[in-house]
Each structure stands twice: as structure tokens, then as C-alpha cells.
Chemist: 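One structure coming up, written as C-alpha cells, with questions to follow.
Predicted, not measured: the structure shown is a model, and the values here were computed from it. Excluded from the calculations below are hydrogen atoms, water molecules and symmetry mates; all remaining heavy atoms, backbone and side chain alike, are included. Chain letters run A, B, ... following the sequence lines, proteins first, then strands; residues in each count from 1.
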Amino acid sequence: MIDYEALLAQKPYGMTQPEKDAFYREAIEDLSKHHAANCTEYAKIYRQFGAGFALPVRLFKLKELKSVPADQVRRTMTSSGTSGQAVSRIFLDADTAARQTKVLSRIVGDFLGQGRRPMLILDSSAVLKNRTMFSARGAGILGFSIFGSGAKYALDENMELNVPLLEEFCRKNENTPVLLFGFTFMVWQHFILKLKEQGLHLKLNGVLIHGGGWKKLTELAVDNDTYKQEIREWTGIDTVLNYYGMVEQTGSIFMECPCGRLHASIFSDVDIIDPVTMEKKSSGRGLIRCTSLLPTSYPGHVLLTEDEGELTGIDDCPCGRKGKTFKIYGRLAGAEIRGCSDTYEKR
Amino acid sequence: MIRMKNAEYLIGNAEIEKSPIPTFSEDACNLLRSYEAAIRRDREARAFPDVIAVGYWCRNANIQSKKEAFGNTAGCVGRGLAFHITPGNIPVNFMFSYLFSLLAGNANIVRIPSKPFPQIGILLRILKQCLSDFPEIEKRTAFVSYPSSEDAITAEFCKEADVRVIWGGDETVRRIRAMEAKPRCIDIAFADRFSVAVLSGSAVENATDAELARLAHAFYNDTYLMDQNACSSPRLCLWTDESKTGKARFWNAVYLEARKRYQLQGALAVDKYTRLCEDVMDRDDLAGVLRMGNLLHVVTLSEVPQALSSLEGKGGYFYECALTELSQLARFLDSRVQTVGYFGMDAAAIRDAVVSLHLTGADRIVPIGSAMDIDSDWDGFDLIHTMSRRIVAN
């Protein structure tokens, strides 16, 4: 099996793609065998199609897939579907959960450096209180909270700006780099637009990390550049890092570097798939297939998403990080809607 | 009077004349004759084989043979006003629904599909031109468009109708049936139906390459052409005198045909892929899987299934199994089965099996390639007879 300790000790973006390919061939073979031996449903897929066959992410909404006995499941993660929508159910044992936290820390640490920063969560303080809302959204907030100290919530229980809190946060951290975290659409809808509405300019410096999908913003014709520009104008934050991730592969997220490319770390990989042939494409648009080395408690190591993307390079990003880079075009037209902030409905 | 906002009349208006005319009236036959000629001459129509097929159906020889098959038309008239709720997934069937009812002798209000198929505009434009020469029919014709959510409009039309032609699914049929209608109103309801194909393995094995290519093309037209989403598209292929070579030749030819002509949408590609994983995980009767890219998936079942409802392939996703004797059709062939396509088989033998086994399903046993060919005998109804009445005068 994979030596996770050794992997965690490596630089998260230090492996060139040829090295990584060789390593992954064996790792995916091993992981597939592990899941085939421990998950009855996956075993049938393995017998029929062999190792590394991608499961469609939607399958986790339709079936309960786990590779550990039920009594070893420590936490069940769900995607944040609203009523009426099926939600994914992802079963984590202690090992997978711990691995996710460590890997997230390694990946994000590569962008933020060591040490914790004062942190502002651009979401409602109610998210973690309300158990029914504790889902991918809550898990994301908890996951990223390890990079901050004394996290504060920018929005009150009614999703409105907590202005006194914001003013105090700015005053306290006038000269300290801070960390802002939130979900792409909610940051826009409930934070940036509200700051604009109230004519409130914040004076902060530091980093904003956000993820969860662009679907609703695409509908509003807001692209990544506009988004960054507005963040800079209204908060002073000039490093805005998007990430691509999903509850089915928590931890091994794909971070956007300052050059604007999404990066696969040594913990995961990405391929672009032609939906008609199901073969890998080396150029052009296609379905995103994500490979993660992390999941051992559920067979989510190779997943076919319903998102469209395109490779932007291999081992050649000016930021110096090795491996594949890519960009996202968003959810496939006509495919069912999923994702974090994407399924959030304004009450 | 039927007048509602949100209802847009593409032909006719709310002051429609609701009285019947004779069955196979001279006017109606002449209108169809001029419609056929106009479609044939229309530049825009040529791009759409299904529009051409509507014109072809209207040709005089066909109408005369329908009339002959109908029998004595003396004393036969329409039932009055027919209200048609036409299928949303097939671009031209709304027009066939109208034509059958017109020949039966009815006045017609046709709700057209809400999907903006270009065929609709073409067919209506040409019909409108032709109607101006036939005022008695023109005043008995209305084509109307409104959102399917507007139940109030549908309810109004239902109250006036003597015949309701409800192109399903089951859900639509239930919804419309719940709406008030005249006590004498008759409903022709097209429910959700499933279809199959029966192929002789040895016939496929022994077919020439040219015959095989024709068969694959025909099968393509029955299936991929409508994303396999039509009631008459087969979801299950049954092989008599099974031949490994025959099956391999067939699917390979279908794959080549699909690769040449089919545009698989991304969303449907993901649906198919997900379905495949589910089948592999869930089906105890799964005996094998054939994957040709993502264009063609064939799931082989170990035996003839008990029902077709769980075999829900779309966009090039088929099930197959061996059929060692025709009596095994009885396992699944209930009233939900509509079309049995065949190749290398004797249609009469299949028909006789359905009859002698006392089965409630299978309304059409047609060669592969003809599954979509709609006609006035459809879904188990002789539509012209059903939509008309005969006045007995002794």
C-alpha cells in the first residue's frame, strides 16, 4: 500500500509528471485492489473493468459505498444539497479523515507558509451551530480553520454583514496579514455585494481562499478576473486563490496559484476525458476526472466529475510548482446541479 | 367560447367551429393532397426527413388506401371537437395526430409541443397556406401553444372536447384524465410504453456486409435518432438462435453507424456511464458488458427479464438476452410493451405467439427500421375508426 507518511514528508508540488505517472500507476493499482477487497459493489466494477476505472461522482448520491466495516465509520460527509436534491454520502474512518486534514494542511501551507493567521470566515456563524447545515460547507470551514487563529464570522445568523465585527477585525489587524475564507458564490452575494451596497471599504492585507463552484456566478456573468478585482477594491486583499474540490475527495484539493492556474498536488491528479470515447485528451475541453490517493474508507480514488475543464500545462507553471495545471469551465450543460455554494438557496 | 390569455394561436382562433364533418370528406382528402404537394415543393422542408415523411403520408394513394381499408364511409362522421395534447419529444407527431382526426371528421384543437423544434414552424406555415382553400376545415382547425404548466387552459379545452387525444406519459394521462370532460367524451391515451427488438442470430451472422450496414442504419433510426427516448425505441434486444458472431457483427455495425452519425451530448454521456456502473453493481442477472467507447453500451442479461421497466437505456444503451423460444416473451410482454421490431424473423409467427399466449401487449410487430413510422393504426388503436362515429339508418 501507499506509504502516506513518506508522501506527506515530500514537497506537495515537487514531483514531475513522469515521476508522478509511474508512482500513480502502482498506487492506483494498489488502491483499486484494496477497495475491491473491501467494498462489494466496487469489487464488481473492478472485476468488470479493472483497476482505476473512474466512478461517476453521482454514484455517491445513489449508493452507499464504503470500504470499511460500518463500526469503523467515524464521520459521514454529505454534500450540501437542499431539500429534494439527493446528497452524496461519503464515509470516513479515522485514517482517511486524519489523512484529509494533513494533506489539506500540506497543500494550503505551500501557499500560505508556516504559522496561523488571524482568520475571517465569510459565512454565517450559524453554519456550524446548525447541525442540519453541517455538511460540505461546514466541513470546508472546519478544514480551513486550521490555518487561522480565533476565526471570526463576517456574517450573522441571518446572512447579514456583521459590521461592528468587521470594523474591529480591520482595526486589530491593520498591519497583520490575514486569511479570509469562504464559498465562491456566497462571498460574492453576501459579502462583496453587501459591502458595495453599504459603501463599506475594508482595509485588509493577506489572502482570500475560496471554492465551491462558479455556476451561479457564470449565470451572473462574473468571471474570475472581475471577482479578484472586486475583492481587491472592497477588502484590500490582493491575493485571491480559488480552489477546486469536492466532498467526494476532501483534502486533496486543487489550488489556484498566483499565475491563475489550478494545480494538482502530489496527493491527487487530474485528467481531461472525452465524454464520447471516454479516453484521455491531451488538449481541449472535456470532462474532469480526479484521482486522489487519500480515500481508503470509500472507493472514491478515481472519480469522473460532471465538470468541464481543460489542461493548461504540465510541469511548466511559472510559479514553479510541478505537475499538471488546468482550468475549469463549469458544470456540464444539462447535468444535474451539485456543489457547495451552488446549491445554497436564498431564504 | 374558448378564450384565454397565455394561449397563442398559431393557426385558427378561439371561435373555432366545433361541429363534425364526414369521415374521409372530400375536402379533407383534397386538403391533404395539396398539403403533400406543398411540402414536396418547400425548400425549407427538404432539410427534415421527418417533415418529408408527413408529406409522404398525405399522398393521395396512401389516403385512398386508408379510405378503402376503412370500409363503407356512408353515415360516418367525426365525433365533434378533438383536443390533442401532443408529444413533446417527437417533432412531427402533433401533425399526424391532427391528420388522423381530420380524416375521421373532427374539428381540432392541437396543443403543439413546447420544445421549439424547427419542424413545427415549417409544418404549420405550409398547412396554413393550404387551409385558405378549404374554409370549412380552416374554421374547424386551431393549433395552439401554451406552457404545459397552464392547467387552467387545458381544463377549458377539456370541457369542450368530444375526443381527447392524450399523448402521454402516464403522468400526463393521469393529469388530463382528472380534468372534467363531457360524459360522452372519449379519451385516446398514449401511456408510457416500452419496446423491444427480436433478432435471429444466424440471420445476422449470414447477412452480407451490405445487408448488415442497412440493418445497422435501420436500428440507428429506431433508437439513436431520438436518443432512444421514444416509446417505440427498443431497449432490449432478444436473440433467437443465438450466434456469437452474429451478435458481435451486429453491435460492431451499430457502433460504426453511431460513430458516423450520433452526437452524444455530454450530460447524456454521464448518465449512460452512471447507469452502467449501477447495472454492474446492482443487477444479479448481469452476464456481461460490451462497451464501445461511450457511444454504445450493451448489457447482456443471463435470462429473459421479468419486466422492462428497470431497463432504462438512453442514448445508445441496450440490454440483450437470448430468447430460446417465443413463449419466453410472456415473461415481460405485458400491456406496457408497444413495438416489437424484428430481423430475420417471421412477423406472423411473433404475432401468433402473442395471441396464443394471451398477452396484453405488443401492438406493432414491424421490421427494424420502422419503429418510428407512425400510422393511423397506432399503439393498439385504429385511430380513424375510434375518433369517428357511424350513424345507423335502417
Chemist: So does A/Glu26 have more than 12 non-hydrogen atoms from other groups sitting under 6.0 Å from CD?
Modeler: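 12 or below, so no.
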
Chemist: What residues of residues 309-318 of chain B sit under 4.5 Å from chain A when you count only heavy atoms?
Modeler: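 Those residues of residues 309-318 of chain B which would need a heavy atom under 4.5 Å from chain A do not exist here.
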
Chemist: Check whether more than 12 heavy atoms from other residues, nucleotides or ligands sit under 6.0 Å from atom CZ of B/Arg261, and answer yes or no.
Modeler: yes

Chemist: Counting only non-hydrogen atoms closer than 4.5 Å, does B/Leu276 touch chain A with its backbone (N, CA, C, O), its side chain (CB onward), both, or neither?
Modeler: side chain

Chemist: The criterion is salt bridge (charged side-chain N to carboxylate O under 4.0 Å, His left out); which residues satisfy it with B/Arg291, sequence neighbours excluded?
Modeler: none

Chemist: Under 4.5 Å heavy-atom distance to chain B, tell me which part of A/Gln48 shows up: side chain, backbone, both or neither.
Modeler: side chain

Chemist: Can you tell which of B/Leu268, B/Leu295, B/Val289 has the highest number of heavy-atom pairs within less than 4.5 Å of chain A?
Modeler: B/Val289

Chemist: Is A/Arg58 salt-bridged to B/Asp271, cutoff N-O under 4.0 Å?
Modeler: yes

Chemist: What residues of residues 277-288 of chain A sit under 4.5 Å from chain B when only non-hydrogen atoms are counted?
Modeler: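 Within residues 277-288 of chain A, the residues that come under 4.5 Å of chain B (heavy atoms only) are A/Thr277, A/Met278, A/Leu287.
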
Chemist: Which atoms form the tightest heavy-atom contact between A/Pro56 and B/Tyr273, and what is the distance?
Modeler: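 In this case the closest contact between A/Pro56 and B/Tyr273 is CD-CE2, 3.8 Å.
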
Chemist: At a heavy-atom separation under 4.5 Å, does A/Ala43 approach chain B through its side chain, its backbone, both, or neither?
Modeler: neither

Chemist: Which value, rounded to the nearest 0.5 Å, describes the distance between A/Glu306 atom CD and B/Thr274 atom OG1?
Modeler: 6.0 Å

Chemist: What option among B/Glu278, B/Lys272, B/Arg259 has the most heavy-atom pairs under 4.5 Å with chain A?
Modeler: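 Of B/Glu278, B/Lys272, B/Arg259, B/Glu278 has the most heavy-atom pairs under 4.5 Å with chain A.
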
Chemist: If we only count heavy atoms from C-beta on, is the B/Asn294 to A/Val276 side-chain gap below 4.5 Å?
Modeler: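 A side-chain contact under 4.5 Å is absent here.
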
Chemist: Under a 4.5 Å heavy-atom cut-off, does chain B meet the side chain of A/Leu65, its backbone, both or neither?
Modeler: side chain

Chemist: Could I get the full list of ring-ring contact (aromatic ring centres under 6.0 Å, His included) partners for A/Tyr243, not counting sequence neighbours?
Modeler: A/Phe144

Chemist: Calculate, to the nearest 0.5 Å, the distance between atoms NZ and SG belonging to A/Lys63 and B/Cys277 respectively.
Modeler: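 If we round to the nearest 0.5 Å, A/Lys63:NZ and B/Cys277:SG are 10.5 Å apart.
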
Chemist: Roughly how far, to the nearest 0.5 Å, is the CZ atom of B/Arg275 from the CG atom of A/Leu59?
Modeler: 12.0 Å

Chemist: Can you tell me which portion of A/Ile45 sits under 4.5 Å from chain B's heavy atoms? Options are side chain, backbone, both or neither.
Modeler: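 Both the backbone and the side chain of A/Ile45 come within 4.5 Å of chain B.
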
Chemist: Measure the CG-CE distance between A/Leu62 and B/Met281 for me, rounded to the nearest 0.5 Å.
Modeler: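 Output value for this atom pair is 10.0 Å.
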
